[in-house]
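As the structure is a prediction and not an experimental result, all values here were calculated from the model.
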Amino acid sequence: TEPHRELAWPEPILALAANDDLVAVADRLKVTLLDGRVNSTRTIGSVPAPGAITGLEVLYDGSVLALDGNGAVWAIDLRRGVTTPLPTKASLVAADRQIFFVSGREVSGYDQRTQTATRLATIGSGARSIDTRAEHVAFGFGSGEVVLGTRVGARLETMRLTSKPAKR
């Protein structure tokens, strides 16, 4: 068996995200991008945390979207050490080929080139989780309900999955 390895992190980790090759880690002091490939712990870049980070998403170009508890959103290019505030608010973010933000009941699509968010749909309040693949997105709610969405042009077509009531 392979021996257990450990990397001591200097501060408690507040948020993390990964893609196929990269891992982003946020603690109270900084946001760091690591090479996430097997047998690698190389740091690619690190910047001071722009706030108390509550959510991260690693994009395939190696940049990171970071959220804080006040709804502020930043695009962070960790290779160049540049942090840019975005003109949108969000509590959840998910990215694959499409980037989705949730703020309250509003779902927006984010265009990385123009750094703009466009409203796509309104969902029920209280979304607690989000995940996406290509143009598909799923939202989880505390009630156990799920909303599935597919981006079609400038809108999001949605379907709500609810619990089936027990037969009496």
For the residue pair [X] and [Y], establish whether any side-chain heavy-atom pair is separated by less than 4.5 Å.
{"X": "L65", "Y": "I99", "result": "yes"}
{"X": "T150", "Y": "L156", "result": "no"}
{"X": "L120", "Y": "F100", "result": "yes"}
{"X": "E57", "Y": "V93", "result": "yes"}

Checklist line | For V152, the rest of its hydrophobic cluster, which grows through side-chain links under 4.5 angstrom | finding: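 Traced through the cluster, V152 reaches no other member.
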Notebook entry, point to check: When clusters are formed from ILVMFWY side-chain contacts under 4.5 Å, directly or step by step, what else is grouped with I44?
Noted result: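 Members besides I44, by chain and number: L22, V31, L33, V47, I53, L56, V58, V64, W74, I76, L78.
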Check: Within a radius of less than 6.0 Å around CZ of R119, do more than 12 heavy atoms belonging to other residues, nucleotides or ligands occur?
Finding: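 Count over threshold, so yes.
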Item checked: Pairs meeting criterion ring-ring contact (aromatic ring centres under 6.0 Å, His included) with involvement of residues 107-154, two or more places apart ->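 Of all non-adjacent pairs touching residues 107-154, those that pass ring-ring contact (aromatic ring centres under 6.0 Å, His included) are F101-Y110.
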Identify the heavy atoms of [X] and [Y] that sit nearest to each other, and give their distance.
{"X": "V23", "Y": "G36", "value": "CG2-CA, 3.9 Å"}
{"X": "A134", "Y": "Q98", "value": "O-CG, 3.2 Å"}
{"X": "L59", "Y": "A95", "value": "CD2-CB, 3.3 Å"}
{"X": "R28", "Y": "A49", "value": "O-CB, 4.0 Å"}
{"X": "A90", "Y": "S103", "value": "CA-CB, 4.1 Å"}

Notebook entry, point to check: Would a hydrophobic clustering, with Ile, Leu, Val, Met, Phe, Trp and Tyr connected at side-chain separations under 4.5 Å, put L148 with I130?
Noted result: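 L148 and I130: separate clusters.
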Next item on the list: State yes or no: do V137 and V146 share one hydrophobic cluster built from I, L, V, M, F, W and Y residues joined by side-chain heavy-atom distances below 4.5 Å, directly or via other members?
Entry: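 As far as the 4.5 Å side-chain criterion goes, V146 and V137 are not connected within one cluster.
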Checklist line | Any pair counted as side chain to side chain donor-acceptor pair (under 3.5 Å), so long as it reaches residues 82-91, sequence neighbours left out | finding: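 Non-adjacent pairs meeting side chain to side chain donor-acceptor pair (under 3.5 Å): zero.
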Next item on the list: Any side chain to side chain donor-acceptor pair (under 3.5 Å) involving residues 12-27? Give me the pairs, sequence neighbours left out, ordered by first then second residue.
Entry: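 Residue pairs passing side chain to side chain donor-acceptor pair (under 3.5 Å), neighbours aside: W9-D27, D27-K30.
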Note to self: Once rounded to the nearest 0.5 Å, what's the spacing between atom CD of Q112 and atom OG of S63?
What the structure shows: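 That separation rounds to 4.5 Å.
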Check: Does D68 use its side chain to pair, donor to acceptor, with the backbone of A72 at less than 3.5 Å?
Finding: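 Checking the backbone N and O of A72 against the side chain of D68, a donor-acceptor pair under 3.5 Å is found.
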Item checked: R133 side chain vs E135 backbone, donor-acceptor pair below 3.5 Å ->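 Not confirmed, R133 side chain does not pair with E135 backbone.
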Next item on the list: Can you sort out the partners of E145 under salt bridge (Lys or Arg N to Asp or Glu O under 4.0 Å), two or more places apart, ordered by chain and number?
Entry: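 Partners of E145 by the salt bridge (Lys or Arg N to Asp or Glu O under 4.0 Å) criterion, ordered by chain and then number, come out as R160.
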Checklist line | L34/V25 under side-chain contact (heavy atoms from CB on, under 4.5 Å): CA gap, chis, key distance, verdict | finding: CA-CA 8 Å; L34 302 170; V25 180; 4.2 Å; yes
Notebook entry, point to check: Can you tell me if R113 and T116 form a side-chain donor-acceptor pair at under 3.5 Å?
Noted result: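 No, no side-chain donor-acceptor pair sits under 3.5 Å.
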Margin query: Assess the residue pair E106 and I123 against the criterion (side-chain contact (heavy atoms from CB on, under 4.5 Å)); give the C-alpha distance rounded to whole Å, side-chain angles, the decisive distance to 0.1 Å, and a yes or no.
Written below: CA-CA 6 Å; E106 186 172 290; I123 58 172; over 6 Å; no
